[in-house]
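Read through the structure below, which is laid out as structure tokens, and then see the notes.
Heavy-atom basis, side chains included; hydrogens, waters and symmetry copies ignored. Residue numbers run from 1 in the order of the sequence given.
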Amino acid sequence: MRQNKTWNQHVVKKENKSLVLEEIIENSPISRADIASSTGLNKGTVSSLVNELLDEKLINESGPGKSSGGRRPVMLLFNQVAGYSIGIDLGVNYILGILTDLKGNICSEKKVSFNKLTYEEMVEELYEIIDALVASTPSSPYGIVGIGIGVPGIVDKDKKILLAPNLNWRNVDLKGILQEKYNIPVIIENEANAGAYGEKKFGVGKNHNNIVYVSVGIGIGVGLILNGNLYSGNNGFSGELGHMTIEVNGTKCSCGNQGCWELYASEKSLLLDAKRSDLQNTEDFSLETIIDRANSGESDSIHLFEKTGKYLGVGINNIINIFNPEQVIIGNRMAEAEKWIRKPLIDWIKNQTLWFSQKDLKVDFSNLLTHSTALGVAAFSAEDFLYHNIYNDDISVI
Ligand SMILES: [Zn+2]
């Protein structure tokens, strides 16, 4: 058998099997006949591919479904607990890790926050989080199918981290290090790209196809969904909009430029301003304490958020004029301050953005809380497993 199949037959079969699996994932419970009619594959092909998926425990059969008469068909269900995926959002001042099933439902999570860690300390924290998630994984046919990590930096096509200015990392091969330690496929992605995907798949972006996702944490990153797909640029570097210049004579940025957007509209700038405005107070500021202060009516803190909201509006206005999106999503940690930044941000856009670009434009805040990136990278790993890796190939390629 092995040698008789050609490469082309193999590819076609793989594609058809992905198609059948995708149909079951999206529309389960579904019958074999319905899969045949919606995919255009003939019933025999569907039947044999379904049998393979059943053998591989990726799908289950359930009791009969509805029928308009005659024999009721057996329905097929996606076995979303055939394996699990780990998604990590590696922030500058936190690491959030989640364990999801193959459909993106969160089964367990772990988070640590800190102020500043060296690369070695950060990797140690990362190992601890991954170890805890691995230990919490229920038993399943495939176990953990992949680890996805969203990082606040520039990731090249080989998934090496070229530069993460706020972490002070250069040329880091985190993928290689983790794959060697855990012997599980690892995906590294820019956190804003992963967040944009998380929002498109699970969040407020579900029904939109042209989305600008603005991830506002210590830095600012932007992920773009264009025509329904994640756009990552020619070499994977798109979305470094936190480093677009908004003040020509502005302060120097760790990226080498000056007057970068993220120096005026991020958590980093908010914390700096808070420190400057309250010199007597030696307490450690955090985004959360400033939100608490604003909520208790303290005007200084409210002003700090008004400034952040306005400067977010300045950058977002520029981005809207470039891309004419249908939706802008504000995500990551700063989305927790929606109550205070929404109005100044929207006011800026209303007053400054070209009127025709405002037509049909929605500005939303993430409703995945701070989980967009972790969910996005967990989904990348799960999909990589489901659609590219699993098939018990009956020919060896090459
Ligand atoms: Zn910069």
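Cluster membership for Leu272 and Leu287, using ILVMFWY side-chain heavy atoms within less than 4.5 angstrom, is not shared. Under the 4.5 Å side-chain heavy-atom criterion for ILVMFWY residues, a single connected hydrophobic cluster contains both Leu167 and Tyr119. Both Leu386 and Ile24 are members of a single hydrophobic cluster when ILVMFWY side chains are connected at heavy-atom separations under 4.5 Å. Under a hydrophobic clustering in which Ile, Leu, Val, Met, Phe, Trp and Tyr are joined whenever their side-chain heavy atoms come within less than 4.5 Å, directly or via other members, Ile129 and Leu117 fall into the same cluster.
Within the 4.5 Å cutoff, the side chain of Pro185 has no heavy atoms near those of the Phe385 side chain. Between Tyr213 and Leu224 there is no side-chain heavy-atom pair separated by less than 4.5 Å. A heavy-atom distance below 4.5 Å is not found between the side chains of His303 and Asp273. Looking at Cys260 and Asn257, their side chains come closer than 4.5 Å, going by heavy atoms from C-beta outward. Taking 4.5 Å as the limit, some side-chain heavy atom of Leu375 sits within range of a side-chain heavy atom of Ile106. Contact check for Val314 versus Tyr264: no side-chain heavy atoms found under the 4.5 Å cut-off. Using a 4.5 Å heavy-atom threshold, the side chains of Ile188 and Ile161 count as touching. By the 4.5 Å heavy-atom criterion applied to side chains, Glu191 and Ser215 are counted as neighbours.
Although no hydrogens or angles enter the test, the distance criterion places no donor-acceptor pair under 3.5 Å between the side chain of Ser372 and the main chain of Leu368. Proximity of a side-chain donor or acceptor of Ser37 to a complementary backbone N or O of Asp34 within less than 3.5 Å is detected. Here the side chain of Asn79 pairs a donor or acceptor atom with the backbone of Lys57 at under 3.5 angstrom. Of the possible donor and acceptor atoms, none in the side chain of Glu267 sits under 3.5 Å from a partner among the backbone N and O of Met334.
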Exercise for the section: Please lay out, stage by stage, how Leu263 and Ile246 fare under the test side chain to side chain contact (heavy atoms under 4.5 Å, CB included). Expected result: CA-CA 9 Å; Leu263 300 180; Ile246 60 161; over 6 Å; no
Exercise for the section: Please assess Trp261 against Tyr311 for the test ring-ring contact (aromatic ring centres under 6.0 Å, His included), listing each intermediate value before the final yes or no. Expected result: CA-CA 8 Å; Trp261 185 26; Tyr311 271 104; 9.8 Å; no
Exercise for the section: Show the numbers, then the answer: is there a side chain to side chain donor-acceptor pair (under 3.5 Å) between Glu298 and Ser301? Expected result: CA-CA 6 Å; Glu298 192 200 81; Ser301 298; 2.5 Å; yes
Practice task
Using the side chain to side chain donor-acceptor pair (under 3.5 Å) rule, take Asn317 and Gln352 through it: C-alpha gap first, then chi angles, then the decisive distance, then the call.
Solution key: CA-CA 7 Å; Asn317 172 34; Gln352 309 291 332; 5.3 Å; no
Exercise for the section: Could you walk me through whether His208 and Ile329 pass the side chain to side chain contact (heavy atoms under 4.5 Å, CB included) test, one step at a time? Expected result: CA-CA 11 Å; His208 299 283; Ile329 303 173; over 6 Å; no
Practice task
Please assess Glu199 against Ser366 for the test side chain to side chain donor-acceptor pair (under 3.5 Å), listing each intermediate value before the final yes or no.
Solution key: CA-CA 7 Å; Glu199 289 293 338; Ser366 166; 2.6 Å; yes
Problem - Full working for side chain to side chain contact (heavy atoms under 4.5 Å, CB included) between Ile149 and Leu126 - result: CA-CA 10 Å; Ile149 311 219; Leu126 185 59; 4.2 Å; yes
Practice task
Test Leu41 against Ile35 for side chain to side chain contact (heavy atoms under 4.5 Å, CB included), laying out the working first.
Solution key: CA-CA 8 Å; Leu41 297 171; Ile35 295 171; 5.8 Å; no
Problem - Asn171 and Lys160: CA distance, side-chain angles, deciding distance, side chain to side chain donor-acceptor pair (under 3.5 Å) verdict - result: CA-CA 7 Å; Asn171 298 316; Lys160 276 216 173 75; over 6 Å; no
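To the nearest 0.5 angstrom, Lys111 atom NZ is 5.0 Å from Thr370 atom OG1. Note that the CD atom of Glu306 and the CD1 atom of Ile341 stand 11.5 Å from one another [nearest 0.5 Å]. Going from atom CD1 of Ile290 over to atom CZ of Phe305 covers 5.5 Å, rounded to the nearest 0.5 Å. Here the CG atom belonging to Leu345 is positioned 8.5 Å from the CZ atom belonging to Arg342, to the nearest 0.5 angstrom. Rounding to the nearest 0.5 Å places CD1 of Ile98 at 9.0 Å from OG of Ser108. Note that CD1 of Ile144 is 10.5 Å distant from OH of Tyr84, once rounded to the nearest 0.5 Å.
The residues Lys362 and Glu326 are annotated as not salt-bridged, no charged nitrogen and carboxylate oxygen being separated by less than 4.0 angstrom. The existence of a salt bridge linking Asp347 and Lys350 is excluded, since no basic side-chain nitrogen approaches an acidic carboxylate oxygen closer than 4.0 Å. Salt bridge status for Glu338 with Lys343: absent, with no side-chain N to carboxylate O gap under 4.0 Å. Salt-bridge check for Lys17 with Glu22: failed, with every basic side-chain N at 4.0 Å or more from each acidic carboxylate O. Between Lys175 and Glu180 there is no salt bridge, since no side-chain nitrogen of the basic residue lies less than 4.0 Å from a carboxylate oxygen of the acidic one.
Checking Lys116 against Asn93 by side-chain atom types alone, no donor-acceptor pair falls below 3.5 Å. In this structure, a donor-acceptor pair under 3.5 Å is absent between the side chains of Asn193 and Tyr231. Under 3.5 Å, the side chains of Glu23 and Ser38 contain a donor-acceptor pair of N or O atoms. Between the side chains of Asn42 and Thr45, at least one donor N or O lies within less than 3.5 Å of an accepting N or O.
The minimum heavy-atom distance between Ser269 and Ala265, with the atom names listed, is OG-N, 3.3 Å. Heavy atoms only, all atoms of each residue included: Tyr182 and Tyr127 are closest at OH-O, 3.3 Å. The shortest heavy-atom contact between Ala379 and Phe202 is CB-CE1, 4.0 Å. Shown here for Val151 and Leu174, the closest heavy-atom pair between the two residues is CG1-CD2, 4.5 Å. Scanning all heavy atoms of the two residues, the minimum distance from Gly250 to Gln258 falls at O-NE2, 3.4 Å. Of all heavy-atom pairs spanning Thr373 and Ala194, the tightest one is O-CB, 3.8 Å.
Within 6.0 Å of CG in Asn183 there are 12 or fewer heavy atoms belonging to other residues, nucleotides or ligands. Residue Lys110 places its NZ atom among 12 or fewer non-hydrogen atoms of other residues, nucleotides or ligands, all under 6.0 Å distant. Annotation: Asp156, atom CG; neighbour count of heavy atoms from other residues, nucleotides and ligands within 6.0 Å is above 12. The 12-atom threshold is exceeded at NZ of Lys181, counting heavy atoms of other residues, nucleotides or ligands nearer than 6.0 Å. Residue Asn351 places its CG atom among more than 12 non-hydrogen atoms of other residues, nucleotides or ligands, all under 6.0 Å distant.
A cation-pi arrangement is absent between Lys103 and Phe78 under the rule of less than 6.0 angstrom and at most 45 degrees off the ring axis.
The aromatic rings of Tyr197 and Phe380 lie parallel to each other, with less than 30° between the two planes, well short of the 60° mark.
Considering Ile86, Ile177, Leu178 as possible partners of Val186, the one that fulfils the side chain to side chain contact (heavy atoms under 4.5 Å, CB included) test is Leu178.
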